[in-house]
Amino acid sequence: MANEELIIKVLAEEGNMRKAAERLFLSQPALSQRLQSIEKEWGEQLFIRSQKGLTPTPAGELVIGYSNEVLQRKEEVFEVLHTLTSKVHGTLKIACATIIGQNWLPKVLKDFVTLYPEAKIQLITGWSSEIARALYEGEAHIGIVRGHTDWKGPKIHLFRDILYLVDKEIDSLDQVMETERPFIQFKSDSNYYEEIQQWWQKHFASNPKRQITVDQIETCKQMAVNGIGYAILPSITLNGTEDVHTVPLSNNAEDLELTRDTWLIGYESAFQLRQVEAFVDVVKKHAALFE
């Protein structure tokens, strides 16, 4: 059924009840009744009826102008809504493990903002154990976590990187228990720490002779690269230009397997958002290159 503004607009354009009724797919009596109701609502006569047709009154001219403005604004809003469904707008809220935020995500976000310049980004970084909390509390649409995840909602495996023993001098695992060089570790969530501890206990009968613990993985890397001691670092932190030995803690032998998985997680409702869908597409392309 035609709305009030459209009826006024068509009556003004046609200036004839019969032609207006045909255009609005209404009978003349029905259109006449609708016009009477509209005039009653405004409290003014809007058109003078004569044998020549319909002539707007001064009040009618004002209401015609108002009706045209309303219909124009409605059309503009429909256009914007169409744009929203065909383009990526809105804010993308990401909670990301710090190591990913430092070493991998910047290139992903560069491509994303290039493809979708009208989208906005909010980024939270922290330990993987903090990412789920950000999702629970609505601070993020999606999260990027490392290691094993108990997330019950949708999750997408992005890539798996190898962990390396990195040192200026040590070039085989056999030398680890003989060296006096310190083992440099960085603080991380308990999941990562436990994986390292389990691997160590499986391969060595005692703890490292000397240990240094630092706050950030980048500090740990720089200390190893500068020869202060040895560290265990994921391949995502190494670009191949470091002048160090890199001994993989993963190979075809099952007893040496030590890798780190990266996952994209979130609620089903978040994955339906246009900006999240677009981000997931970009992420998948970069993840495929990492393998």
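Any value given below was found using the heavy atoms of this structure, including those in side chains, with hydrogens, waters and symmetry copies removed.
- No single ILVMFWY cluster, assembled from side-chain heavy atoms under 4.5 Å apart, contains both L105 and I124.
- Contact between R34 and N3 at its shortest, heavy atoms only, is NH2-C, 4.1 Å.
- Taking the side chain as every heavy atom from C-beta outward, F279 and D111 never approach each other to under 4.5 Å.
- Within the 6.0 Å centre-distance limit, the rings of Y116 and F112 are counted as a close aromatic pair.
- The aromatic rings of Y230 and W200 lie parallel to each other, with less than 30° between the two planes, well short of the 60° mark.
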Determine, step by step, whether E242 and K221 satisfy the salt bridge (charged side-chain N to carboxylate O under 4.0 Å, His left out) criterion, reporting the C-alpha distance in whole Å, the side-chain angles of both residues, the deciding distance to 0.1 Å, and the verdict. CA-CA 10 Å; E242 300 87 358; K221 173 186 173 181; 3.0 Å; yes
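- K120 is not listed as a side-chain neighbour of Q275, based on a closest heavy-atom distance of 4.5 Å or more.
- The closest side-chain heavy-atom distance from S32 to M17 is below 4.5 Å.
- L35 CG to L26 CG: the interatomic distance, rounded to the nearest 0.5 Å, is 11.5 Å.
- Summarising the geometry of R260 relative to G147, their closest heavy-atom pair is NH1-CA, 3.5 Å, with the distance given to 0.1 Å.
- Listed by chain and residue number, nothing satisfies the ring pair (Phe, Tyr, Trp, His ring centres under 6.0 Å) test with Y164 (two or more places apart in sequence, or in another chain).
- One distance of note links NZ of K74 with CG of L6; it measures 8.0 Å at 0.5 Å rounding.
- A chain of hydrophobic side-chain contacts below 4.5 Å, direct or via other Ile, Leu, Val, Met, Phe, Trp or Tyr residues, connects F159 to L163.
- Hydrophobic clustering (side-chain heavy atoms under 4.5 Å, transitive across Ile, Leu, Val, Met, Phe, Trp, Tyr) groups L173 together with V244.
- Residues I184 and R210 are not in side-chain contact: their nearest non-hydrogen atoms beyond the backbone lie 4.5 Å or more apart.
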Determine, stepwise, if the pair I217 / T237 fulfils side chain to side chain contact (heavy atoms under 4.5 Å, CB included). CA-CA 9 Å; I217 189 171; T237 64; 3.7 Å; yes
D161 vs R146, salt bridge (charged side-chain N to carboxylate O under 4.0 Å, His left out): CA-CA, chis, key distance, verdict: CA-CA 10 Å; D161 52 323; R146 298 273 286 171; 2.8 Å; yes
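- The distance from atom CD of Q102 to atom CD1 of I236, rounded to the nearest 0.5 Å, is 10.0 Å.
- Applying the 6.0 Å contact sphere to NZ of K107 captures no more than 12 heavy atoms from other residues, nucleotides or ligands.
- Shown here for H245 and I170, the closest heavy-atom pair between the two residues is CB-O, 3.2 Å.
- At most 12 heavy atoms of other shown residues, nucleotides or ligands fall within 6.0 angstrom of atom CD in Q216.
- Minimum heavy-atom separation, P106 to I100: CD-O, 4.1 Å.
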Step-by-step salt bridge (charged side-chain N to carboxylate O under 4.0 Å, His left out) determination, E180 to K209: CA-CA 7 Å; E180 296 295 325; K209 296 177 182 179; 3.3 Å; yes
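- For E44 (side chain) and L46 (main-chain N/O), no donor-acceptor pair under 3.5 Å exists by modelled atom type.
- The minimum heavy-atom distance linking E5 with S67 is given by the pair O-CB, 3.6 Å.
- Checked by atom type and distance alone, the side chain of T98 never pairs as donor or acceptor with a backbone atom of T125 at under 3.5 Å.
- In terms of hydrophobic clustering, with Ile, Leu, Val, Met, Phe, Trp and Tyr side chains grouped at heavy-atom distances under 4.5 Å, I38 and L62 are assigned to different clusters.
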Carefully, step by step, assess K93 and E139 under the rule salt bridge (charged side-chain N to carboxylate O under 4.0 Å, His left out). CA-CA 7 Å; K93 301 178 184 178; E139 297 176 355; over 6 Å; no
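- Remark: the backbone N or O of T213 is not paired with any side-chain donor or acceptor of Q185 at under 3.5 angstrom.
- At least one side-chain heavy atom of I121 sits less than 4.5 Å from a side-chain heavy atom of L109.
- Expressed to the nearest 0.5 Å, how far CG of L71 lies from CZ of R73 amounts to 13.0 Å.
- A heavy-atom distance below 4.5 Å is not found between the side chains of I142 and I265.
- Crowding of Y66 atom OH: a count of heavy atoms from other residues, nucleotides or ligands under 6.0 Å not exceeding 12.
- Distance check, rounded to the nearest 0.5 Å: CD1 of I144 to NZ of K155 gives 15.5 Å.
- Side chain of T219 to backbone of D215: no donor-acceptor contact under 3.5 angstrom is found.
- W263 and W104 are not part of a single hydrophobic cluster, where members link through side-chain heavy atoms under 4.5 Å apart.
- Atom CG in D167 sits 7.0 Å away from atom OG1 in T179 (nearest 0.5 Å).
- Between V283 and L158, the closest side-chain pair of non-hydrogen atoms falls below 4.5 Å.
- Judged purely by distance below 3.5 Å, without hydrogens or angles, the side chains of N68 and Q72 never pair a donor atom with an acceptor atom.
- Annotation: Q45, atom CD; neighbour count of heavy atoms from other residues, nucleotides and ligands within 6.0 Å is above 12.
- Shown here for A20 and L11, the closest heavy-atom pair between the two residues is CB-CD2, 3.6 Å.
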Take V145 and T262 through the side chain to side chain contact (heavy atoms under 4.5 Å, CB included) test and state the conclusion after the steps. CA-CA 6 Å; V145 297; T262 299; over 6 Å; no
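- With hydrogens and angles ignored, the 3.5 Å screen pairs a side-chain donor or acceptor of N16 with a backbone N or O of R18.
- Taking a 6.0 Å sphere around CG of D243, one finds it holds 12 or fewer heavy atoms contributed by other residues, nucleotides or ligands.
- Put simply, the side chain of I162 does not reach to within 4.5 Å of the side chain of P234, judged on heavy atoms.
- Although no hydrogens or angles enter the test, the distance criterion places a donor-acceptor pair under 3.5 Å between the side chain of E130 and the main chain of W127.
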Evaluate the side chain to side chain contact (heavy atoms under 4.5 Å, CB included) criterion for residues L24 and I7: first the C-alpha distance (whole Å), next the side-chain angles of each, then the deciding distance (0.1 Å), finally the verdict. CA-CA 8 Å; L24 293 166; I7 288 174; 4.1 Å; yes
Full working for side chain to side chain contact (heavy atoms under 4.5 Å, CB included) between V280 and L264: CA-CA 9 Å; V280 170; L264 186 70; 3.7 Å; yes
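- Here the side chain of H203 pairs a donor or acceptor atom with the backbone of W199 at under 3.5 angstrom.
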